[in-house]
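Here is the structure we will look at, set down as structure tokens.
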Amino acid sequence: MKRGMFSDMLAAVRRIPKGRVSTYGDIAAASGHPGAARQVVWALRAGEGVPWHRVVGAGGRIRLTGESGFEQRLRLRSEGVAITGDRIDLKVYGWVWK
DNA sequence: AAGATGACGCCCG
DNA sequence: CCGGGCGCCATCT
């Protein structure tokens with residue numbers, strides 16, 4: 001079956017291990033769609049059963065606001081990811097594509 | 001067809 | 001660290 005842009009992105013998101021995080025920009029590039037960071041957002045909204053909480057902004061910043069942001073912090077912390085303020089240390093928790 | 005919208009990213013002051 | 005400005009691009013008025 002044909003693999004659209006969103007499918008490619010969701011596949012990449014599903015490859016992020018528990019306890020690690022990646023960024024919108026990296027997901028876009030890793031899935032073969034460099035520069036399409038904004039579209040990763042659409043993919044996450046449309047996708048189901050994907051670990052959306054493991055996707056954060058550049059530099060490890062939490063971009064979600066309000067209730068959703070609260071939920072994301074909750075989920076990440078439950079996986080052992082430390083969050084200082086609104087940032088996550090990518091040197092420690094950032095997933096490196098290989 | 002034309003403008004507005006974002007869970008974005010990068011650079012600059 | 002904090003805004004402000006600009007580029008980006010599928011989707012939605």
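Convention: sequence-line order gives letters A, B, ...; per-chain numbering from 1. All values reported here derive from a predicted model rather than from experimental measurement.
Residues R73(A) and I83(A) share a closest heavy-atom pair of CA-CD1, 3.8 Å. M5(A) and A36(A) get closest at one heavy-atom pair: CE-CB, 4.0 Å. Counting all heavy atoms, side chain and backbone alike, W52(A) lies closest to S68(A) at CH2-O, 4.2 Å.
When each of Q72(A), R63(A), R87(A) is paired with V56(A), the side chain to side chain contact (heavy atoms under 4.5 Å, CB included) condition holds for Q72(A) and for no other.
To the nearest angstrom, C1' of dC8(C) lies 11 Å from CE of M5(A). Distance NE2 (H33(A)) to P (dT11(C)): 12 Å, rounded to an integer number of Å. One interatomic measurement links the two molecules: OH of Y24(A) to P of dG7(C), which rounds to 24 Å at whole-angstrom precision. Between the P atom of dA7(B) and the CD1 atom of I16(A) lies a distance of 18 Å, rounded to the nearest Å. With rounding to whole Å, F6(A) atom CZ is found 12 Å from dG6(B) atom C1'. In this structure, W42(A) atom CH2 and dA10(C) atom P are separated by 10 Å, rounded to whole Å. Rounded to whole Å, atom C1' of dG9(B) lies 13 Å from atom CD of Q39(A). In this structure, the CG atom of D86(A) is 12 Å from the C1' atom of dC2(C), given to the nearest Å.
Residues H53(A) and E71(A) are not in side-chain contact: their nearest non-hydrogen atoms beyond the backbone lie 4.5 Å or more apart. Counting only heavy atoms from C-beta outward, the side chains of R75(A) and R54(A) never approach each other to under 4.5 Å.
Residues from residues 46-72 of chain A with heavy atoms under 4.0 angstrom of DNA chain B, sorted by number: W52(A), G57(A), A58(A), R63(A), L64(A).
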